[in-house]
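Residue numbers run from 1 in the order of the sequence given. Note that the coordinates shown come from a computational prediction; the quantities given were computed from them, not determined experimentally.
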Amino acid sequence: MIRVLLADDQRLVRAGFRSILADEDDIEVVGEAADGQAAVSACHELRPDVVLMDIRMPGMDGLEASRAIAGDERLASVKVVILTTFDLDDYVYGALRAGATGFLVKDTEPEELLQAVRVAARGDALISPSVTRRLIAEFAGRVKGPRPDPRLGALTEREREVMQLVAAGLTNDEIAARLVLAPSTAKTHVSRIMSKLGARDRSQVVVLAYESGLVSPGWLAD
């Protein structure tokens with residue numbers, strides 16, 4: 001059972017998401033929060049698998065709440081999915097750096113919402129890769145030049161190649177197909193990359209790939 005916390009200051013939005021999620025046998029909404037501080041407190045109390053987090057909330061916003069959750073080792077298993085719209089430019093890249101697993105557009109279709117929750121829960125890929133990689137590529141361009149990271153020196157050539165594909169938004173299965181590997185092998189490569197980099201999840205791998213210059217804005221896998 002995937003345990004979900006809904007964090008949004010609009011009651012109708014929370015009710016809409018709850019009604020969609022409640023019909024699924026493998027998903028349970030365990031709580032709601034109307035601001036970031038309440039969301040962080042609820043994470044400590046309820047230990048959800050996934051938090052659907054609005055960015056704009058009164059008091060502590062979703063960005064600060066995401067940072068607080070990602071920075072707490074006791075909440076290492078909690079995945080934060082940011083609820084966003086395309087006009088939140090300045091927040092997007094910052095949210096990834098704060099430890100958010102990915103993004104979900106607020107007016108998404110119910111099927112996409114359900115898929116996003118399941119994908120986030122298993123930590124297998126960024127949410128909506130085609131959307132997320134466009135956002136990352138655009139806003140990573142605001143980084144003032146690459147900053148070489150010594151941690152990349154621990155990666156093998158194959159792992160660096162896999163990391164580039166992760167940064168392009170590919171899932172493990174897509175990486176396996178691209179490199180003609182078994183899916184389990186691709187998954188192992190990604191796990192080792194995260195371990196060597198000390199990354200909490202795939203989103204942090206993506207951020208590091210851009211900031212270190214391993215990939216550059218506009219570089220996308222076909």
Side-chain angles (χ1 to χ4, degrees), residues 1-55 57 62-63 65-84 95-96 98-132 166 169-175 183-184 186-188 190-191 194-195 199-206:
M1 185 68 70
I2 301 171
R3 296 164 54 81
V4 177
L5 174 69
L6 304 176
D8 195 296
D9 63 331
Q10 298 183 47
R11 183 177 298 177
L12 286 177
V13 172
R14 299 198 307 270
F17 282 142
R18 178 182 281 274
S19 67
I20 294 171
L21 298 173
D23 289 336
E24 302 303 304
D25 294 335
D26 61 333
I27 298 174
E28 177 186 10
V29 177
V30 296
E32 298 184 13
D35 60 64
Q37 185 59 63
V40 174
S41 297
C43 283
H44 283 285
E45 179 183 354
L46 303 172
R47 300 300 169 93
D49 299 302
V50 178
V51 181
L52 295 179
M53 181 87 74
D54 185 24
I55 278 188
M57 292 186 289
L63 190 62
S66 297
R67 186 177 295 111
I69 293 169
D72 193 327
E73 293 184 357
R74 294 169 296 176
L75 302 178
S77 63
V78 178
K79 305 299 183 184
V80 177
V81 177
I82 293 292
L83 300 172
T84 186
L96 277 181
T101 295
F103 302 92
L104 191 63
V105 180
K106 269 196 171 184
D107 60 357
T108 189
E109 294 296 324
E111 295 78 11
E112 294 177 346
L113 171 65
L114 296 173
Q115 181 185 15
V117 168
R118 292 177 176 123
V119 169
R122 66 175 183 259
D124 187 42
L126 290 170
I127 308 306
S128 302
S130 62
V131 173
T132 302
V166 170
L170 273 65
T171 66
N172 287 345
D173 286 345
E174 290 169 339
I175 291 171
S184 59
K187 183 177 181 179
T188 297
V190 173
S191 296
M194 291 172 57
S195 178
R200 187 174 188 265
D201 55 30
R202 293 171 76 105
S203 65
Q204 293 189 340
V205 173
V206 173

**OP:** Could you tell me the separation between the CD atom of E111 and the CD1 atom of I20, rounded to the nearest 0.5 Å?
**Re:** 8.5 Å
Original post:
At their closest point, which heavy atom of R202 faces which heavy atom of N172, and how far apart are they?
Top reply: NH1-OD1, 2.6 Å
Original post:
Hey, what do you get for CE (M194) to CD (Q204), rounding to the nearest 0.5 Å?
Top reply: 8.0 Å
**OP:** Give, for atom CG of D26 and atom CD of E28, the distance between the pair rounded to the nearest 0.5 Å.
**Re:** 11.0 Å
Original post:
Should R14 and V29 be marked as a side chain to side chain contact (heavy atoms under 4.5 Å, CB included) after you check the CA-CA gap, both sets of side-chain angles, and the distance that decides it?
Top reply: CA-CA 10 Å; R14 299 198 307 270; V29 177; over 6 Å; no
Compile the donor-acceptor pairs under 3.5 Å between side chains in residues 39-46 and protein atoms, sequence neighbours left out, one pair per line.
from, atom 1, to, atom 2, distance (Å)
S41, OG, Q37, O, 3.1
H44, NE2, D72, OD2, 3.2

Original post:
Can you tell me how far the CZ atom of R3 sits from the CD1 atom of I27, to the nearest 0.5 Å?
Top reply: 13.5 Å
Original post:
Between atom CD of Q115 and atom OG1 of T108, what is the distance when rounded to the nearest 0.5 Å?
Top reply: 9.0 Å
**OP:** Would you please test L52 and D8 for side chain to side chain contact (heavy atoms under 4.5 Å, CB included) and show each step?
**Re:** CA-CA 8 Å; L52 295 179; D8 195 296; over 6 Å; no
Subject >> Name of the residue among L83, V81, I69 meeting side-chain contact (heavy atoms from CB on, under 4.5 Å) with M53 >> reply: I69
Original post:
How far does CG of L5 sit from CD of E32, to the nearest 0.5 angstrom?
Top reply: 8.5 Å
Subject >> Worked verdict on V4 versus R18 for side chain to side chain contact (heavy atoms under 4.5 Å, CB included) >> reply: CA-CA 9 Å; V4 177; R18 178 182 281 274; over 6 Å; no
**OP:** Kindly say whether G62 contributes a backbone atom to a donor-acceptor pair with the side chain of S66 at under 3.5 angstrom?
**Re:** yes
Original post:
What is the minimum heavy-atom distance between V51 and A7, and which atoms define it?
Top reply: CG1-CB, 4.3 Å
Original post:
With a 4.5 Å heavy-atom cut-off, do D9 and D35 have their side chains touching?
Top reply: no
**OP:** Decide yes or no on side chain to side chain contact (heavy atoms under 4.5 Å, CB included) for V13 and D54, but give the supporting numbers first.
**Re:** CA-CA 10 Å; V13 172; D54 185 24; over 6 Å; no
Original post:
Minimum heavy-atom separation for V78 to P48, with atom names?
Top reply: CG2-O, 3.3 Å
